[in-house]
Each structure stands twice: as C-alpha cells, then as structure tokens.
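I have placed the structure first, in the form of structure tokens, so that the comments after it can refer back to it.
Computed over heavy atoms, backbone and side chain alike; hydrogens, waters and symmetry mates excluded.
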Amino acid sequence: MVGTALPPPASRRRISVTSVAVFGLGALVAIAAGAVLWLGLGSAAESTRRLIHERSDTVLDSLEQELGSRLEPITEQARWIAALVEDGKLDLADPAGLDAFMFGALAATPQVAGIGFFRPDGTGRVWYRDARVAISEDRSQDPNLRQWMQAGTQATTTAWRDPIWIDTLGKAAVLHDSPLRRGGRFVGMLGQVVLTEELSRDLTGNVAPNTVPFVLHRDRDVLAHPQLVHWSPLGTGESRPLAVIDEVGDPVLAALGTNATREGRWLIRSAPGIDVSWVVLDDVWHLVLQRRMPRYGEWTVGVHVNVEANEDRTVQHMVQAAAAGVAVLVVAVVLAVLVGRRISRPVRAIAAAARVVEGNRLDEVRRLRPSWIREMDDANRSFNRMVEGLRERQLIRRTLGRYVPERVASELLSAGGRIEPTEVRATVLFCDLVGFTSLTETLGPTGIVAVLNEWFSRMTEVLERRGGTVIQFQGDALLATFNVPVADPDHARQAVRAALDMLAATRRLTAGGRELECRIGVGTGTVVAAAVGASGRLSYTVYGDAVNLAARLESLNRDHGTSNLLCGETAADAEDLPVEPVGTTTVRGQSVPTRLFTVRERETGRPPEDDSEGTDEERRSGAG
C-alpha cells in the first residue's frame, strides 16, 4: 500500500449522530416550542389574526378587481385597434373616418379621457372625450415623443406607462400605449389616457369603515387616493405629475418609512406577496397592507386601517407575546445553528474531499481527521483507505501508461491484467523521420534524444487526437493503429487525416538549423492485436499484412518523391479526401501488385530528403 498506516481506532467515547439529532437539536426545538406555547397567544392572537386575514387578501383583491374592471377594457380596446390597423380595416390616412372611429372608441370606454395617435415623424391627432374635439398636433421637435416612438419600434405588445401631465386638460393621467403596425411595418403609436382623479374616484366605491385605500407609483408618488377625487396638490406639470405621500393630507401615508413605522410582515401567514406594516400615530395603531401590481408597471395597491381602542389593546398584546416568542425562537435557532455546524463539519469535510477525488486530484486530498461522532469516524476512516487505494491504482496506471499505450493500460486494469488476442480490420500508420543519421552526427547523442522526444510527443498528440494509438517506438520511427485497441468505424479516413497533421506538425519543428521532415505509409487490412512475450514480460503489438504493407509504403516514398503513400484499400475508404494515384508496384509479401496513392497536403512542403541510411525494411523487421 502507498502512504502511511492508519492509526488505531480512537479509544475515547463516541456518540451516534442519531443521539445528537434526537437529544440535541430535538431538545432545543422542544424548548422553543414549549416557550411559545407557554406564552400563549390566546384571544389577542386570535382577534388580531382574524382582523389581519379579513382585511388583507379580501380588501386588496377587491381593490385590484375594481381597478382591473376599469383598466382591462382599455387594454382590450388597444389590441382590437392594433388588429384593425394590421389587417388594413382602419385607414389611418382618412381624417374623417378616423375621427368617427376614435369618438366611437371613447364612447365604448367612458373611463378613457382621451386617445392619441402619432406617426413616427411626430405628427398626429388627439381626440378628447369631454370637449369632443379632434386636434392635429406636430410634436416632431418633442424629445419625449421621439423617445416614445423609439420605444414603440421595439415594443411587441400593449403596455401601461408612467403617469404623465396633460397640458390641455391641466391634469395628471396614466398612459396606456400600443405600437401599430401594418404588414409588419411600424406606422405609429396609439395612446389612451385615464385621469388619476378617475382612479381615485373608483377607489372610494366599496370601502369598509376606518379603511383608506390608495395606489402608489414607485412607492412614493400617489397615483390614487380618496383625497385626490376633488382636489389635487399638483401643478408642477410635466416634470412631476404626481404628488408624493406627504402632500396628500394623509398622515398615515406621510409616516410610512419614518420612525413611526413598525415591521409587521411576520403577522401575515396566509397572504404571500403582501407587505404588512404598522404606523403608530398618537398611540393609535394603523395597519398598512400593500401589494405590487406588476401588470400595470411600478404600481402598488394598498390600504391602511385605523385599529380602534379595543382592537388596539389586542394588537399590543399580540405584539408583546409575539416578541417574547420570537426572542426565544431566535435563541433556539442560534444554538441549533451552532450545534448543527459543529455536527456538519466532518460531513462538509468528507464532501469537499469527495469533490477533489471526483476531479481526479488525488494528490491534493487531505486525510480526514477522526470524529467524535461514531458514524462519521467510521466514514472518515473508510474514506482515507479508499483514497489510498485509488492513489495506488493511479500510480500503477501512470507507470504502466509510460510503457504501453494509455488505452491498453486502461484495458489491462479493467480486465484484471489480461488482454485477449483480437483479429480486426484496421488501418496501420508507419512514420519515419528523414535524415536521422545526419541529425545524429550534427546534434550528438544528447541532442538527438531531445529532438526525438519532442518529435514523438508531437506525433503522439496528433495521433491520439485523431483516434490513433501508438503501438511502438522504433529508433526514429513509430507504428500506430486505428480501430484497435479502440474501435473506430472511420479508421482509414482518420488515419489519413492524422498523416496530414503529422507532416505539417513535423515541419514546424527544427533541429540542427533545418526543418524536420518525415515519411508516412498507411495500409488497411486485417491485423491481429495481442500481448506477446515471455511469461513475466509481455508487449502489446499487432501482426498482419497491413503492418508490413505500411512499413513498405513508408520506404517507397523515396522512390516516388512523396511524403506519404496509401494502399488502395485505405484510399477507397478515404475517397472524400484529396487522394491521388501514384502508380502500381509489387510489394514483397504481397501476391498481387499494389496500387499506390498519395494524399495532397493542405500546404505544399519541400520534397523529402533522401537518406542513405540502411534499408528501412531491415530496421523495421520487428514491426510484424
């Protein structure tokens, strides 16, 4: 085994994680729950919750429905008009017909104070309900209108916009707009306005006693409020069309966000999405309920309720009891968190170590410490043993992978050290470095070894990227296979592509002041792959005519002035590549003449140098 021996089991007393969970966290939760029950919320809690629940969802839903009944028809009308324009049923270039149509639309939606249509050039027409007049306007120099048109070209649906100030009416209004298109081309914007005073009037219809409804825009501007039905503190015009909360004469709204406001969200349990707070003015509690209305923009609908004297005492009792219960719960939660973190520390440690193992970074895994929790201590010890076993297996695999192909090493480990002989149709690639003898004389032993290591590394990278496996390194040559030991139905084509990449990669290397060159032979046929050798020392290799043929084709490159030669079977499988016939020759060991092909390189390189070394076949006689 690799690594130090594990220490003996700890002799100190250990307790189980079950005991910790039941008697530790369970006791803390029981104490917290008992304290809350002992305090008792009684009639104060029941009365207050009833009050809140009755005046939260119900009240706000009613207000939203009231606003929706007024505003949704405007949206539907805008979609209807947009559809008529798109279909060509409404002629925007006919002033008389357009006037009649728009006054009819105003009659159908009495809540709309006016309708406007503007073209992209800034010209348009506005129709007002009360005066029943149509006014042509040229606002081509208005930057706000140009910005509105720009937004309209990007818009795909109707939308409610921020409140605006209408100079003609001297009043604030909310704007609903819709882009108009005909045949997919943007032709202008349709706008419909609803006066804010009308929204305020709608809010005062069905409101319970001591309840004040309101609608805010961006939390501070008052869009609708009963105080604004017949009176408006406005007058600042376009720059500020709405009053802020401290300008409408409502002290409860004015106190929102000040020291008089108390957080009340914890009182609501059955009304998600509602913001609850209390405003205390002159010892009188006002319940404030608010909810967002995103379909109309940055709107918030809300009410505030003046809690009367008898309800006031109930509320205060509820707050006092709840505050005490919360304090106990906070203490319990803090203690539970501390204990939980203490318990979970070894769990987090083993999880972090497992992630490092998952990333195959075994050298970075730290030994897990003993734990006072029995189950965690056993788990840590088992994990440490597992990591040591994985490190040993990794060391074996790394060592084995330096002497046999990585894929063969993986197969050996997965098969328990045995590789069965395999007969398969495969493609064999033989590559030889040109001018090796002269390089050796120029560089010397140390230099030529460094060059070979660099070249072999580059060639191995190229081959593995194309799915090939280097089987042997033989002096200045290498033998690689495709489709064995790893199956690849496209093995011939991948081998040819690898040959092109190898030629290009070799020319990018230099040694002794010159570019390196190599020659490649590629043959396809049936081969036998097996582990052979002495009983205690085996070598993974391949045998067959394809092996001999690849070696012979490599040496024939000198005779034909080529850098690569393929047999006919390889060329047939790689016919979509730039393969060209070279001729026919008789290869030793082959009963019939062999047709030779070469693949045209992407970039034309220098012709390979001749090399006067001994016969290639003699040097490669061990290839198979």
- prompt: Considering residues at least two apart in sequence or located in another chain, which fulfil the side chain to side chain donor-acceptor pair (under 3.5 Å) criterion with T570?
  reply: T524

- request: Hey, could you give me each pair passing salt bridge (Lys or Arg N to Asp or Glu O under 4.0 Å) that has a residue in residues 440-455? Not counting sequence neighbours.
  value: E454-R458

- prompt: Can you find a pair of side-chain heavy atoms, one from L577 and one from R493, that are under 4.5 Å apart?
  reply: yes

task: State, yes or no, whether a side-chain contact exists between R425 and E569 at a heavy-atom distance under 4.5 Å.
output: yes

message: If I compare all heavy atoms of F473 with all of V470, which pair ends up nearest, and what's the gap?
response: CZ-CG1, 3.5 Å

message: Once side chain to side chain donor-acceptor pair (under 3.5 Å) is applied, do any residues pair with D162, and if so which ones, sequence neighbours excluded?
response: H217, R218

- prompt: Are the side chain of Q494 and the backbone N or O of D488 linked by a donor-acceptor pair below 3.5 Å?
  reply: no

message: So, using side-chain contact (heavy atoms from CB on, under 4.5 Å) as the criterion, who are the partners of R508 when residues are at least two apart?
response: A504, A505

Worked check of side chain to side chain contact (heavy atoms under 4.5 Å, CB included) between C567 and R552: CA-CA 10 Å; C567 72; R552 179 60 179 154; over 6 Å; no

message: Is there a side chain to side chain donor-acceptor pair (under 3.5 Å) between T526 and E423? Walk through the geometry before answering.
response: CA-CA 7 Å; T526 300; E423 184 175 5; 5.3 Å; no

field: Results of side chain to side chain donor-acceptor pair (under 3.5 Å) for N564 - residues two or more places apart only
entry: T598

- prompt: Do T594 and T586 come close enough that some side-chain heavy atom pair is under 4.5 Å?
  reply: no

field: T469 side chain to E464 side chain, donor-acceptor N/O pair below 3.5 angstrom
entry: no

task: Not counting sequence neighbours, which residues clear ring-ring contact (aromatic ring centres under 6.0 Å, His included) with F186? List them please.
output: none

- request: Just grab all the ring pair (Phe, Tyr, Trp, His ring centres under 6.0 Å) pairs involving residues 565-598, residues at least two apart or on different chains.
  value: none

task: Find the distance between CE (M459) and CG (L433) and round it off to the nearest 0.5 Å.
output: 9.0 Å

query: In a check of side-chain contact (heavy atoms from CB on, under 4.5 Å) between I471 and each of T481, V547, V428, which one passes?
result: T481

- request: State the CD-CG distance between E554 and L429, to the nearest 0.5 angstrom.
  value: 10.0 Å

message: If the condition is side chain to side chain donor-acceptor pair (under 3.5 Å), which residues does T506 pass it with, not counting sequence neighbours?
response: W455

- request: Check each of D576, L566, I520, D501 against V496 using the side-chain contact (heavy atoms from CB on, under 4.5 Å) test, and report the only one that passes.
  value: L566

- request: Give a yes or no on whether the backbone of A450 and the side-chain of N453 come within a donor-acceptor separation of less than 3.5 Å.
  value: no

task: With the side chain counted from C-beta on, respond yes when R595 and T585 share a heavy-atom pair under 4.5 Å apart, and no when they do not.
output: no

- request: Verify side chain to side chain contact (heavy atoms under 4.5 Å, CB included) between R292 and D219, making sure each step is shown before the conclusion.
  value: CA-CA 10 Å; R292 299 286 183 181; D219 297 329; 2.9 Å; yes

message: Can you confirm whether P179 sits close enough to R181 that some side-chain heavy atom of one is under 4.5 Å from a side-chain heavy atom of the other?
response: yes

field: Candidate pair L92 and V85, rule side chain to side chain contact (heavy atoms under 4.5 Å, CB included), full reasoning
entry: CA-CA 8 Å; L92 300 177; V85 173; 4.0 Å; yes

task: Locate the shortest heavy-atom distance separating A511 from L516; write the atom from each residue and the value.
output: CB-CD2, 3.9 Å

- prompt: Is any side-chain heavy atom of L565 closer than 4.5 Å to a side-chain heavy atom of V522?
  reply: no

- request: Mind listing the closest non-hydrogen atom pair of C518 and L503 along with its distance?
  value: O-CD2, 3.4 Å

message: On a heavy-atom basis, which atom in V579 and which in A571 lie closest, and how many Å separate them?
response: CG1-CB, 3.7 Å

message: Can you list everything that forms a ring-ring contact (aromatic ring centres under 6.0 Å, His included) with W160? Sequence neighbours excluded, please.
response: H176, Y296

statement: Here the pair of heavy atoms bringing L549 nearest to G523 is CD2-CA, 4.4 Å

message: Counting C-beta onward and ignoring hydrogens, is there a side-chain heavy-atom pair between M502 and C431 closer than 4.5 Å?
response: yes

query: Can you find a pair of side-chain heavy atoms, one from L478 and one from L463, that are under 4.5 Å apart?
result: yes

task: Could you pull out all residues at least two apart from R295 that satisfy side-chain contact (heavy atoms from CB on, under 4.5 Å)?
output: E64, E72

Under 3.5 Å, which donor-acceptor pairs link side chains of residues 147-158 to any protein atom two or more places apart or in another chain?
from	atom 1	to	atom 2	distance (Å)
W148	NE1	D177	OD2	2.8
T153	OG1	Q150	O	2.6

- prompt: Is R507 paired with E601 through a side-chain N to carboxylate O contact shorter than 4.0 Å?
  reply: yes

message: Once side-chain contact (heavy atoms from CB on, under 4.5 Å) is applied, do any residues pair with V424, and if so which ones, sequence neighbours excluded?
response: T422, A426, N483, V484, V527

field: Contact summary for F430 and L479, nearest pair of heavy atoms
entry: CD1-CD1, 3.8 Å

message: Please determine whether side chain to side chain donor-acceptor pair (under 3.5 Å) holds for the pair T460 and R465, giving the CA-CA distance in whole Å, both sets of side-chain angles, and the decisive distance to 0.1 Å.
response: CA-CA 8 Å; T460 301; R465 186 167 62 246; over 6 Å; no

